Amino acid sequence: MAEANKKHAIHYHELHCPAESMAVEVHTGLSCGQKYLPPKLFYDKKGSELFDVITRLPEYYPTRTEIGLLRQHAAEMAELLGLHSVLLELGSGSSIKIRLLLEAVQPRIYVPMDISRQHLIDSSQRLARDYPWLSVHAACVDYSRSWDMPDFGPGRYNVFFPGSSIGNFEPPAALQLLRQVRQLVGCDGGLLIGVDLKKDAAILESAYNDKQGVTEKFNLNMLVHINRRLGADFDPGNFAHKAIYNANHGRIEMLLECTKDHCVHINGNAYQFKLGETIHTENSYKYSIAEFHGLSAEAGFAPVRVWTDKADLFSIHYLSAIE
Ligand code: AVI
């Protein structure tokens, strides 16, 4: 078998929520006055692939800016993380960014955590192939809920949470997640986290309304995902993608706008849609450095270092746990 196609041994932990909870979440969201669906439903296999394409779009500055910062400051970041820690990554996706730190950090165990099972397994196996010395424990988990982590033994624990995925949580939920991370890393652990900065609305809106229409496909794919998982009959052709910056809330809002009156059936329930009505599929909050320091302090983290690019588009924070 060619080396590139060989399966490489990884440990696998299924911490995934049961399928019924997806049905409940969809029903709850579609029964609300302002209909909404949770953004984690973007990430089936197709959605994860589309997100990878988004990260390479010319308009979508966060990924390349964050990668630039990781490349430029990897040595300093590694020094702060320390050698041989247990390194957990929330929302690891294709595990691309961690590659920029692995050699310098030499973690004892690397734990990629993601909701998209097959994507997680495929990318973990590629990583195990490319870093044969690395112990990879892939954990399929919906980290937007609380979860129980297997015990990885004594030592220092660090969490890497890149991509500004923290911005996809409502501020109270972001605080709850950071508190859970604080518990996970213990008193001497740390958090290296990428956070998108507040900026001109035009830059933000073009990042979420790309000319090639990939973000539009990504948004509409959520309906296809729900059709497949729950036997629903959404017609994506009855919806249009919309993304706008809400300056009052400091967030990009992604919506699916209904283009005609119709009805959707899921699990014996009928949901009425009116022309012009929207389903709110995602918020992407943007934080100033001071705002993020305030949030993380409430969760029990002290700021140690923050890196930003010259245009102040994106930030990476290293935070250490406080008592
Ligand atoms: C994963 N997350 C940080 C992305 C964001 O920018 O909020 C998701 C995304 N939605 C549309 N484009 C990218």
Side-chain angles (χ1 to χ4, degrees), residues 36-67 69-70 89-98 112-116 119-120 123 141-144 159-171 173-174 177-178 192-223 225 239-246 249-257 278-287 292 295 313-317:
Y36 69 90
L37 289 167
K40 65 187 171 196
L41 299 184
F42 286 132
Y43 300 97
D44 63 350
K45 190 160 190 293
K46 178 77 186 163
S48 298
E49 285 164 8
L50 284 168
F51 181 66
D52 277 351
V53 181
I54 289 177
T55 62
R56 295 190 292 271
L57 291 170
E59 298 94 333
Y60 195 75
Y61 63 85
T63 311
R64 65 171 174 277
T65 311
E66 186 179 43
I67 286 176
L69 289 171
L70 286 166
E89 180 174 357
L90 293 187
S92 52
S94 301
S95 282
I96 298 291
K97 293 171 190 165
I98 195 68
M113 298 161 67
D114 207 280
I115 194 168
S116 179
H119 201 65
L120 171 74
S123 47
V141 58
D142 173 4
Y143 64 80
S144 68
V159 166
F160 179 46
F161 191 20
S164 200
S165 296
I166 192 71
N168 298 133
F169 288 76
E170 293 306 303
L177 175 61
L178 292 175
L192 186 68
I193 183 167
V195 183
D196 199 10
L197 292 167
K198 286 206 159 85
K199 61 185 64 65
D200 197 80
I203 300 176
L204 286 165
E205 289 190 350
S206 92
Y208 293 82
N209 290 287
D210 65 280
K211 290 209 179 90
Q212 293 170 50
V214 185
T215 312
E216 176 185 24
K217 282 196 192 125
F218 174 72
N219 203 0
L220 289 166
N221 178 65
M222 184 189 279
L223 305 181
H225 181 197
F239 293 88
H241 164 75
K242 241 182 138 173
I244 46 166
Y245 184 61
N246 181 330
H249 290 283
R251 68 190 191 200
I252 280 281
E253 297 176 352
M254 289 235 300
L255 305 159
L256 287 169
E257 188 173 84
T278 55
I279 311 176
H280 194 157
T281 50
E282 184 179 60
N283 285 323
S284 191
Y285 283 86
K286 311 302 169 187
Y287 289 95
F292 196 72
L295 184 72
L313 294 173
F314 200 88
S315 61
I316 301 181
H317 295 250

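Whatever order the structure lists them in is the order used to number ligands and atoms, beginning at 1. Keep in mind it's a predicted model, so treat the numbers as computed, not measured. Quick note: numbers below take in every heavy atom, side chains included, and nothing from hydrogens, waters or symmetry partners.
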Record the part of [X] in heavy-atom contact with ligand 1 below 4.0 Å; permitted values are side chain, backbone, both and neither.
X	answer
Phe42	neither
Asn168	side chain
Tyr285	neither

Under 4.0 Å from a heavy atom of [X]: give me the atoms of ligand 1 that qualify, with their elements.
X	answer
Ser165	1 (C), 3 (C)
Gly163	3 (C)
Tyr43	1 (C), 8 (C)
Ser284	5 (C), 6 (O), 7 (O)
Ser164	3 (C)

Whether the Ser94 and His119 side chains hold a donor-acceptor pair (N or O, under 3.5 Å, no angle test) is what I'd like checked.
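A donor-acceptor contact under 3.5 Å links the two side chains.
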N/O donor-acceptor pair under 3.5 Å between Ser123 side chain and Gly93 backbone
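A pair under 3.5 Å: yes.
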Steps toward side chain to side chain contact (heavy atoms under 4.5 Å, CB included) verdict (Phe161, Glu89):
CA-CA 6 Å; Phe161 191 20; Glu89 180 174 357; over 6 Å; no
So is [X] close enough to ligand 1, meaning a heavy atom under 4.0 angstrom away?
X	result
Pro62	no
Gly167	no
Phe218	yes

Parallel, tilted or perpendicular: rings of Phe51 and Phe218 (30°, 60°)
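Ring orientation of Phe218 relative to Phe51: tilted.
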Within the structure provided, determine whether [X] and [Y] are in side-chain contact (heavy-atom separation under 4.5 Å).
X	Y	value
Leu256	Thr278	no
Lys211	Glu59	yes
Phe292	Ile193	yes

Who's the nearest protein heavy-atom neighbour of atom 8 (C) of ligand 1, and how far?
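Atom 8 (C) of ligand 1 sits closest to the protein heavy atom Glu282 OE2, 3.4 Å.
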Is the closest N or O pair between Tyr60 and ligand 1 shorter than 3.5 Å?
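Yes, at least one N or O pair falls under 3.5 Å.
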Gln212 CD: over 12 foreign heavy atoms closer than 6.0 Å:
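No - once you tally the heavy atoms of other residues, nucleotides and ligands closer than 6.0 Å, there are 12 at most.
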Tell me, with the steps shown, if Glu66 and Arg64 meet salt bridge (Lys or Arg N to Asp or Glu O under 4.0 Å).
CA-CA 5 Å; Glu66 186 179 43; Arg64 65 171 174 277; over 6 Å; no
